[in-house]
Participant: 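Before anything else, here's the structure in question.
First listed ligand is number 1; within each ligand, the first listed atom is number 1. Numbers here are sequence positions counted from 1.
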Amino acid sequence: MRVAVLSDIHANLRALEAILAQAGAVDALWHLGDVVGYGPDPDAVVARLDALGAVGVRGNHDLAATGDEVIRDFNADARAAMEWTRRTIAPATLAWLAALPERRTVDGFSLVHGSPRDPTWEYILTEEVAAANIALLSTQLGFFGHTHLPIAYLQAAGSPGASGMATLEPGPGSSLVLDDRRGLLNPGSVGQPRDGDPRASAVILDLAARTVTWLRAEYDIAATQRAMQAARLPARGISRLSAGF
Ligand code: ZN
């Protein structure tokens, strides 16, 4: 069984279509939240995920899109894009986003947007934070997003804390064989990568082979940027797409 794991699509339909094409035939689609926010296609992205039967969790942008007061904590650009998203989205999109849980377990894997400790908000950016969160996992392995950075944190058995942590920063096509280590894996961002590579990022999880493979897909960034300009979305959100951070 091949599963595409996608995160931080951020209403970027062209990036979503490109990574789906790159992923090829899959048996399931999991997403890690921030389906909307920043990008120009929230209704189309949600409709596509819904049609594909994607299962996933809510991110902080999804929560804000449903009207939550957390929008007050967003920086100016994220807030402006979110105000546009709120004005724009169809009732069906709103209902779909509002139904997302903050965490779920699928086929023995934990899915969260931020972290097991604080599923909507915490950024896992260090081995110390990763170790603290791996200790809280109810499953051996989990997927997280939110940082928009492809990475894997793996905890050596019997060696808790950051000292027992191995960190893998996977390049495109990198595969990881899942062994007996506990860990947290990030597929990177589909719709707004921040690791310096502007191509859409995701992973394929092969449940039978017990492997995870990171993918990148080129897409028509300029077309997404034109759609953002037409919607008068914030300039910084537009320019960072082609920079990849
Ligand atoms: Zn995000």
Participant: Would one find more than 12 heavy atoms of other residues, nucleotides or ligands at under 6.0 Å from atom CD of Q229?
Facilitator: yes
Participant: Around the Zn ion (ligand 1), what protein N, O or S atoms are found below 2.8 Å?
Facilitator: D8 OD1, H10 NE2, D34 OD2, H148 NE2
Participant: Is it the case that the side chains of T213 and S175 hold a donor-acceptor pair, with the cut-off being a distance below 3.5 Å and no angle test?
Facilitator: yes
Participant: Take Q192 and D34 through the test side-chain hydrogen bond (donor to acceptor under 3.5 Å, both in side chains) and record every step on the way to the result.
Facilitator: CA-CA 10 Å; Q192 199 193 81; D34 279 8; over 6 Å; no
Participant: Give the intermediate values and the outcome of side chain to side chain contact (heavy atoms under 4.5 Å, CB included) for residues R240 and R194.
Facilitator: CA-CA 8 Å; R240 71 190 301 184; R194 293 180 189 161; 3.2 Å; yes
Participant: Checking D195 now: which residues fulfil salt bridge (charged side-chain N to carboxylate O under 4.0 Å, His left out) with it, not counting sequence neighbours?
Facilitator: R216
Participant: Identify the two heavy atoms, one from N60 and one from F74, that lie closest to each other, and give their separation to 0.1 Å.
Facilitator: O-CZ, 3.7 Å
